[in-house]
Amino acid sequence: MAAQAPGPDQAVPDPLVGRRILVAISGSIAAVKLPLVVSALVQRGAQVRCVLTPSAAQLVSAPALASLSRAPVALDGDQWSHRESRPLHIELAEWAELVLLAPLSATSLARWVHGLGDSLLASVLLATEAPVVAAAAMNTAMWQSPGVARNWQALQAFERVVPLGPSAGLLACDRQGAGRMAEPAALLLALESLALWGWRRDWAGQHLLVTAGPTREWLDPARCLTNPSTGRMGVLLAQAARLRGATVDLIHGPLAVDPAWLEGLRCHPISTGAELQQRLRDLQPHATALAMAAAVADHRPARPQAGKLEKSALAEAMAAGWQEVPDLLQHLVAHRPAGQRILGFAAQSGDGLEQARLKFARKGCDLLFANPIDLPGAGFGASTNQGWLLGPGDRCQTIAPASKLAIAHQLLTALLALGPTV
Ligand code: CTP
């Protein structure tokens, strides 16, 4: 495809704008977090309606949800009315483009998996053909009980469902353990991913290793050479792959993203290029694909100091020289296990495309996503990005301005389409 220069910063629409989202809330104490999620969805331009089970209605205020969603809330008593020509569960099921089922209690899970429609929420779940993000939450012992475990396992095989298992932490019953519902930011991310990509788990069976964020090279314990990377692009790539069914390891430098975006990933924090190199050495052999989104600091001080330097000694210490950090991506390409595909990234300014082509040839990876860092709405910390995707046989695809999550999905599709190396 012919390469065109990416356009100037364009307003990129939020993928949730105008989407009809049904928020289905069942009886777990995590229900108290849902008003914030509903409010966030409305602020992002989604149309929202809420349906509550009787237990959820005891935990969270239906009038508050009605006010936040700007729509009446559906309760069990509303299911059949002589004033309505259509049953409410069918009306809601067909209205929804996307469903957020959160929290998903043990009882609602059992009803759904066993095909019971003995409440409004349960009937909506059976009747809807929309994809569902389902976020379980309950006490640890309940979560680990054989019946719940079996039902959760059965749900994994449902089409159109993105199951979000609970994380471990302090529960409202004062127990430390598995059972906490995915945080609101993780629910919003899963919905955004569903709106962009759908529920298909085409990465199932794959093991993706992602690096993200900056590295730091320390001159002394108080000063380092680094860069403004926040890790957003790499973390969203990792999450998009997880939501598409991959097992994901994320090696990351210091991040500036919502910690909820790390849920469900196997995280390996590092600071320096040497630590990144060591972790890559450990994890590369197990991965079917690798995405090197980390912004590696290119030089390290030749003589790092163990103690903090006096201000007056700084100039001399910096003049003592710098060593180049080895090119990790080149090394990864040269030592990859059979079949492994590798995606590199390139931060470019000025005439980015020509430099990116040279970099692609030098690094030898299968795909290289080059993005400008000197345009508004692209590069470090921005919520959107754009650029060029370079691939085999001089392929160069212009990546139009889009949210970083949307670009993450495009990159995953391109990587998977290559198939394993032969
Ligand atoms: N990279 C790497 N090891 C380094 C430097 C970069 O593995 N020592 C990887 C990055 O993770 C990225 C790609 O190489 O996937 C390109 O990084 P970039 O910073 O754009 O390029 P550099 O190789 O550092 O070249 P330059 O700074 O001259 O543009």
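Order of listing sets the numbers, starting from 1, for every ligand and every atom in it. Just so it is clear, the values below take in all heavy atoms, side chains as well, and ignore hydrogens, waters and symmetry mates.
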### Query
Does the side chain of R216 come within less than 4.5 Å of S271's, by heavy atoms?
yes
## Note on the structure
To atom 4 (C) of ligand 1, the nearest of V333, V296, N371 on a heavy-atom basis is V296
### Message
A quick test of your reading: do over 12 heavy atoms of other residues, nucleotides or ligands sit less than 6.0 Å from CZ of R150?
### Response
no
### Message
If we count only non-hydrogen protein atoms and require a distance under 4.0 Å, does atom 19 (O) of ligand 1 qualify as touching the protein?
### Response
no
### Task
Answer yes or no: is there an ion pair linking R49 with E91, defined by an N-O contact shorter than 4.0 Å?
yes
### Query
Near K363, which atoms of ligand 1 are under 4.0 Å from a heavy atom of that residue?
1 (N), 6 (C), 9 (C), 13 (C), 14 (O), 16 (C), 22 (P), 23 (O)
### Summary
In this structure, atom 3 (N) of ligand 1 is nearest to the protein heavy atom L328 N, 3.1 Å
## Note on the structure
In this structure, atom 15 (O) of ligand 1 is nearest to the protein heavy atom M292 O, 2.7 Å
### Query
Looking at P326, which atoms of ligand 1 are within less than 4.0 Å of one of its heavy atoms?
3 (N), 4 (C), 8 (N)
### Query
Given the rule in the side chain to side chain contact (heavy atoms under 4.5 Å, CB included) test, do F345 and T211 qualify, once you have shown the distances and angles that lead to the verdict?
CA-CA 11 Å; F345 286 74; T211 69; over 6 Å; no
### Message
Checking R300 against T215 for the side chain to side chain donor-acceptor pair (under 3.5 Å) test, could you report, in this order, the C-alpha distance in whole Å, the side-chain angles of both residues, the deciding distance, and whether it holds?
### Response
CA-CA 10 Å; R300 59 172 70 116; T215 59; over 6 Å; no
### Query
For ligand 1, which atoms sit closer than 4.0 Å to a heavy atom of D298?
5 (C), 24 (O), 27 (O)
### Task
Determine, using heavy atoms of C365 and all atoms of ligand 1, whether some pair is separated by less than 4.0 Å.
no
### Task
For A294, counting its heavy atoms only, list the atoms of ligand 1 lying under 4.0 Å from any of them.
10 (C), 11 (O)
### Query
Okay, side chain of Q206, backbone of T288: is any donor-acceptor separation there less than 3.5 Å?
no
### Query
Under 4.0 Å from any heavy atom of V325, which atoms of ligand 1 are there?
8 (N)
### Of T53, V73, L65, the residue whose pairing with I25 passes side chain to side chain contact (heavy atoms under 4.5 Å, CB included)
L65
### Summary
shortest atom 7 (O) of ligand 1-to-protein heavy-atom contact is with L329 N, 2.7 Å
### Message
For Q47 and E97: C-alpha separation, side-chain torsions, deciding distance, then whether side chain to side chain donor-acceptor pair (under 3.5 Å) applies.
### Response
CA-CA 10 Å; Q47 299 177 56; E97 281 180 274; 5.9 Å; no
## Note on the structure
Here the atoms of ligand 1 under 4.0 Å from any heavy atom belonging to A347 are 20 (O)
### Task
May I ask you to identify the nearest protein heavy atom to atom 12 (C) of ligand 1, giving residue, atom name and distance to one decimal place in Å?
F345 O, 3.0 Å
#### Entry: Contact bool for atom 28 (O) of ligand 1 (protein heavy atom, d < 4.0 Å)
no
### Residues D249, R266: salt bridge by 4.0 Å N-O rule
yes
### Task
Go through ligand 1 atom by atom and flag the ones less than 4.0 Å from a non-hydrogen atom of K359.
16 (C), 18 (P), 20 (O), 21 (O), 25 (O), 26 (P), 29 (O)
### Query
With under 30° as parallel and over 60° as perpendicular, where do the rings of H409 and W197 fit, or are they tilted in between?
parallel
